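Report on the following structure.
Note that these values count all heavy atoms, side chains included, but never hydrogens, waters or copies made by symmetry. This is a predicted model, so every value here is computed, not measured.
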Amino acid sequence: MAESFAPGAVTSDIALRHGVHRNQLYGWRRELRLAAGASAALAVPEFVPVVAEDHVAVAPAAIEIEIAGATLRVAPGVDLAFLGKLIRVLKMTR
């Protein structure tokens with residue numbers, strides 16, 4: 001996200017480089033602007049590192065997201081709208 005807000009950045013090139021469809025990146029940027037209250041002085045979002053750990057899988061692969069001291073485990077096929085609501089609720093508890 002931060003890279004896409006850099007002056008002269010080509011959003012479709014950034015999406016391709018990171019294996020994300022450009023429409024998804026555009027959607028995330030739109031959501032960020034709306035969340036910021038459509039402020040004219042939108043701050044560039046900070047980079048959030050992703051840390052991969054070795055785990056022995058006993059069930060279908062899942063993603064673990066840690067926010068505000070809570071761990072959210074997401075199974076494959078989760079409804080993305082529901083997941084977004086959960087993440088927003090966790091972020092509000094910070």
Side-chain angles (χ1 to χ4, degrees):
M1 287 291 300
E3 184 179 355
S4 72
F5 284 103
V10 179
T11 307
S12 58
D13 290 345
I14 294 166
L16 181 64
R17 185 170 43 257
H18 293 285
V20 177
H21 194 278
R22 68 176 185 247
N23 289 340
Q24 182 65 59
L25 186 55
Y26 288 132
W28 289 336
R29 289 167 48 97
R30 182 177 54 253
E31 287 179 23
L32 182 62
R33 283 192 200 103
L34 290 174
S39 171
L42 178 64
V44 175
E46 294 181 22
F47 174 73
V48 179
V50 175
V51 179
E53 297 179 1
D54 292 330
H55 290 286
V56 177
V58 288
I63 296 173
E64 291 185 5
I65 303 169
E66 292 186 35
I67 299 173
T71 301
L72 178 62
R73 288 179 186 83
V74 181
V78 67
D79 178 50
L80 296 181
F82 178 70
L83 177 60
K85 289 177 185 177
L86 286 176
I87 291 172
R88 281 189 286 280
V89 167
L90 286 173
K91 284 183 177 181
M92 287 190 296
T93 62
R94 288 178 75 177

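Connection of Y26 to W28 is not established within any shared hydrophobic cluster, with ILVMFWY side chains joined at heavy-atom distances below 4.5 Å, either directly or through further cluster members.
Sorted by first and then second residue, the salt bridge (Lys or Arg N to Asp or Glu O under 4.0 Å) pairs with a member in residues 8-17 read E3-R17; sequence neighbours excluded. Contacts classified as salt bridge (Lys or Arg N to Asp or Glu O under 4.0 Å) and involving residues 70-79 (residues at least two apart or in different chains) are given here: E64-R73.
Take L72 and apply the side chain to side chain contact (heavy atoms under 4.5 Å, CB included) test, not counting sequence neighbours, and it matches I65, V74, L83, L86, I87, L90.
The closest donor-acceptor contact from the side chain of H21 to the backbone of N23 lies under 3.5 Å.
Contact detail for A9 and I14: the closest heavy-atom pair is CB-CD1, 3.7 Å. Here the closest heavy-atom approach between residue T11 and residue S4 is recorded as OG1-O, 4.3 Å.
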